[in-house]
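Report on the structure given below.
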There are 4 protein chains.
Amino acid sequence: MSAGQGTGRPSGLDGYPVEVRAEVAHVRELVSRLHAELPRWGLVVWTAGNVSQRLTSADLFVIKPSGVAYDDLTPESMVVCDLDGNLVDGTRSPSSDTAAHAYVYRHMDRVGGVVHTHSTYATAWAARAEPVPCVLTMMADEFGGDVPVGPFALIGDDSIGKGIVDALATSRSPAVLMRNHGPFTIGPDATSAVKAAVMVEEVARTVHVSRQLGEPTRLSQDDIDSLYARYQNVYGQ
Amino acid sequence: MSAGQGTGRPSGLDGYPVEVRAEVAHVRELVSRLHAELPRWGLVVWTAGNVSQRLTSADLFVIKPSGVAYDDLTPESMVVCDLDGNLVDGTRSPSSDTAAHAYVYRHMDRVGGVVHTHSTYATAWAARAEPVPCVLTMMADEFGGDVPVGPFALIGDDSIGKGIVDALATSRSPAVLMRNHGPFTIGPDATSAVKAAVMVEEVARTVHVSRQLGEPTRLSQDDIDSLYARYQNVYGQ
Amino acid sequence: MSAGQGTGRPSGLDGYPVEVRAEVAHVRELVSRLHAELPRWGLVVWTAGNVSQRLTSADLFVIKPSGVAYDDLTPESMVVCDLDGNLVDGTRSPSSDTAAHAYVYRHMDRVGGVVHTHSTYATAWAARAEPVPCVLTMMADEFGGDVPVGPFALIGDDSIGKGIVDALATSRSPAVLMRNHGPFTIGPDATSAVKAAVMVEEVARTVHVSRQLGEPTRLSQDDIDSLYARYQNVYGQ
Amino acid sequence: MSAGQGTGRPSGLDGYPVEVRAEVAHVRELVSRLHAELPRWGLVVWTAGNVSQRLTSADLFVIKPSGVAYDDLTPESMVVCDLDGNLVDGTRSPSSDTAAHAYVYRHMDRVGGVVHTHSTYATAWAARAEPVPCVLTMMADEFGGDVPVGPFALIGDDSIGKGIVDALATSRSPAVLMRNHGPFTIGPDATSAVKAAVMVEEVARTVHVSRQLGEPTRLSQDDIDSLYARYQNVYGQ
């Protein structure tokens with residue numbers, strides 16, 4: 001099943017080893033803090049948007065509760081779900097996008113973080129079902145090519161999750177624009193997925209602005225491959 | 001009559017029961033605080049924009065005073081009006097949009113909060129008298145379809161209020177774009193109406209950006225109905 | 001003569017009555033504080049933009065010094081000039097736009113405050129030498145019609161000041177878009193001129209956005225006159 | 001050689017005179033602080049963008065480390081490189097753009113500061129390989145004409161540095177738009193180069209907006225020359 005809304009009383013973490021409970025405490029703090037990056041970079045308004053991170057010590061992930069204002073988010077208000085999206089620990093309902101996060105974790109082993117926003121420019125491309133073309137060196141670096149579009153899907157079953165996984169399985173991009181909906185991004189952890197959410201909005205905005213007054217030049221596939229390989233191998237500390 | 005500017009000395013709250021005075025104190029604090037959300041989300045400049053909430057314990061509402069800077073708003077500076085827009089309590093003149101708020105409260109029982117802004121993108125659609133088409137799942141969720149346009153109306157009588165009520169009576173949308181003027185939003189309370197003001201600007205901006213480079217796909221009525229029903233029933237805590 | 005850059009040693013305020021020196025102290029504080037409104041509302045970057053206010057007790061005005069960062073502005077760093085733009089008091093050179101401010105004060109008795117910015121949207125209209133058409137009720141309220149365009153003029157003599165005065169003399173608007181340059185705004189005091197600078201950018205942006213996807217409807221002259229008369233008479237406290 | 005990534009153990013500053021070590025301490029503080037101007041003026045997201053300043057007392061420059069978040073930048077985290085881009089002092093890898101900065105310092109004696117960003121509007125012009133035309137007096141003041149475009153160049157050798165130097169050698173502009181990449185700016189010191197980075201985004205945005213609804217008028221070469229000469233000679237304190 002794919003839930004997204006806990007039913008009945010959550011089972012809690014009492015049955016889990018101490019190292020799991022320690023990781024939960026750490027990841028609650030991290031995921032709570034990372035939510036502040038979404039309004040900071042202008043990716044969300046009001047309570048929209050959510051960040052999750054999968055645990056390494058158990059088949060669980062930590063995600064934002066549903067409909068809580070950013071100012072009121074705390075590590076304690078974050079909720080813990082299993083990979084079917086059932087609430088395991090927490091006093092609030094999980095985000096209404098929990099089923100999509102859960103589906104991604106079940107089907108993409110390398111993914112440890114998922115982010116969803118309705119950021120303006122990425123969502124504008126999504127509403128036209130148009131991939132963002134790779135016309136910037138920073139797109140080659142971060143996305144390794146175009147940012148792909150996923151299908152239109154209604155919330156309530158596995159359609160959104162499956163659409164994300166299918167689109168990202170055939171792309172180097174950590175971001176997919178779900179049609180008429182908005183971007184989902186992935187990464188080895190939540191911090192990487194948040195970075196991808198920030199970057200996909202940045203490139204969606206810059207390429208939009210560029211195309212308003214003409215046609216930007218697409219990078220050649222060789223240049224894209226060269227930039228992507230270098231960036232993924234040597235960037236950072 | 002429809003006022004919006006108190007004349008003579010306000011009658012004050014002395015004749016009202018203690019629970020009304022307690023609710024006024026609470027709502028003054030809430031409405032004052034909610035005004036800070038308008039500049040926070042980029043919906044207003046200078047002193048433009050106003051929020052009101054109707055009391056549940058009496059036929060009164062609390063609204064922003066006229067022409068006061070956002071930094072200077074306090075619970076004490078908020079004013080209390082009756083449902084004809086007459087000043088009942090407060091040391092300042094009520095917002096020049098008070099008559100429109102009052103008209104809405106008189107004619108829409110389910111409304112407990114009203115917000116008016118001149119937010120850029122919503123007002124840009126209003127200046128073209130063009131509804132925002134429902135091309136995003138978040139529009140289906142929040143607005144249940146297009147955001148409608150209301151008539152051009154001059155300030156000074158009930159024209160604006162009547163225009164708002166007529167447009168919203170035949171729509172699921174909590175927002176209306178008053179022609180050549182700007183958005184008005186409603187909700188069961190002021191917080192919901194502020195949320196609608198934030199969301200109408202967000203969708204007006206996103207759909208504007210999307211249409212700048214092509215035509216976004218409209219959602220089918222079935223999908224809109226399905227998303228709206230789900231969101232209104234299960235979202236939040 | 002029209003200066004803008006003090007030459008030689010300023011004469012200082014010693015020869016002025018105590019009430020003038022008291023007004024200078026007050027206006028230095030006001031003008032310094034009002035400069036913070038320019039970056040707050042996104043009207044300026046770096047050190048661009050300047051605010052001045054004329055004294056009521058002497059033929060002097062207080063203006064920003066040249067090339068000082070916003071973070072470093074203090075009441076003490078503000079400079080005092082006479083109506084020919086000569087430095088009277090202060091340890092720094094006056095803004096390079098001082099001659100234009102001085103010209104306005106010499107030729108428009110009712111003006112007590114002047115503001116100049118290069119705010120993005122107003123400057124964009126100015127670069128096309130195109131007035132902002134009156135398509136919004138808030139434009140009718142604040143500007144009483146279109147925002148006019150002034151001539152192209154080089155800095156260094158009275159050309160800019162004369163261009164401002166000529167354009168505003170035949171308009172109800174407190175703002176003029178100087179061609180290929182940017183907006184200048186006026187008011188009975190510096191606070192009003194700052195408000196006009198905020199509002200001209202707001203309407204320039206909103207009308208720009210509206211026109212990107214079609215043609216907004218112009219208000220009729222009767223409606224403009226009615227809105228303007230009402231707003232100028234009854235708005236505020 | 002052109003490095004950009006230190007290899008092996010840095011030699012450190014022990015062999016340098018005390019005045020060099022004193023200047024390094026001062027410039028680390030300055031460069032660290034100037035990085036805060038990039039997010040402040042909306043020029044960068046996440047960890048993108050970098051500022052460097054050349055020493056006057058030795059053939060060394062101070063630059064941002066690679067991949068460090070803006071909140072975590074401190075004077076101590078800044079790194080010192082020689083003019084071939086080799087790491088001399090610091091515990092982190094230098095910015096991946098270090099080779100380009102080093103090339104500029106080796107080939108342009110008058111340059112004491114370099115800044116690189118991917119700011120939205122400047123990068124949008126760069127993606128179309130289109131210079132920003134000089135249609136604003138502030139462009140004549142700051143750039144002395146159009147903002148030029150440099151070639152497309154891959155990271156990893158001297159191509160980017162050479163492209164910057166070749167483009168700027170024949171222009172009065174302190175900014176160049178590197179094709180499909182983004183702006184690089186120069187100045188006599190890092191503060192000036194940061195100012196140029198702020199101003200190039202400002203003019204790229206304003207001219208973009210202006211051209212969206214028509215064609216702005218280009219300034220005559222005589223007017224540009226006159227404005228540029230005046231501004232470079234008399235502006236500031």
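Naming convention: chains lettered A, B, ... in sequence-line order (proteins, then strands); numbering from 1 in each chain. Just so it is clear, the values below take in all heavy atoms, side chains as well, and ignore hydrogens, waters and symmetry mates.
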(message) Suppose a student defines contact as a heavy atom less than 4.5 Å from any heavy atom of chain C. Which residues in residues 211-222 of chain D would they list?
(response) D:Gln212, D:Leu213, D:Gly214, D:Glu215, D:Pro216, D:Thr217, D:Leu219
(request) Considering only heavy atoms, give the residues of residues 174-182 of chain D separated from chain C by less than 4.5 Å, sorted numerically, with 'none' for an empty result. (result) none
(request) Answer with side chain, backbone, both or neither: which region of D:Met139 has an atom nearer than 4.5 Å to a non-hydrogen atom of chain C? (result) neither
(request) Counting only heavy atoms closer than 4.5 Å, note whether D:Glu37 contacts chain C via side chain, backbone, both or neither. (result) side chain
(request) Rounded to the nearest 0.5 Å, what's the gap from CH2 on C:Trp46 to CE on D:Met138? Could you check? (result) 15.0 Å
(message) Quick check for you: to the nearest 0.5 Å, what is the distance between D:Arg40 atom CZ and C:Asp71 atom CG?
(response) 4.0 Å
Kindly give the heavy-atom pair with the smallest separation between [X] and [Y], and that separation in Å.
| X | Y | value |
| --- | --- | --- |
| D:Val209 | C:Ala124 | CG1-CB, 3.5 Å |
| D:Arg230 | C:Ile155 | CD-CG2, 3.3 Å |
| C:Leu154 | D:Ser226 | CD1-OG, 3.9 Å |

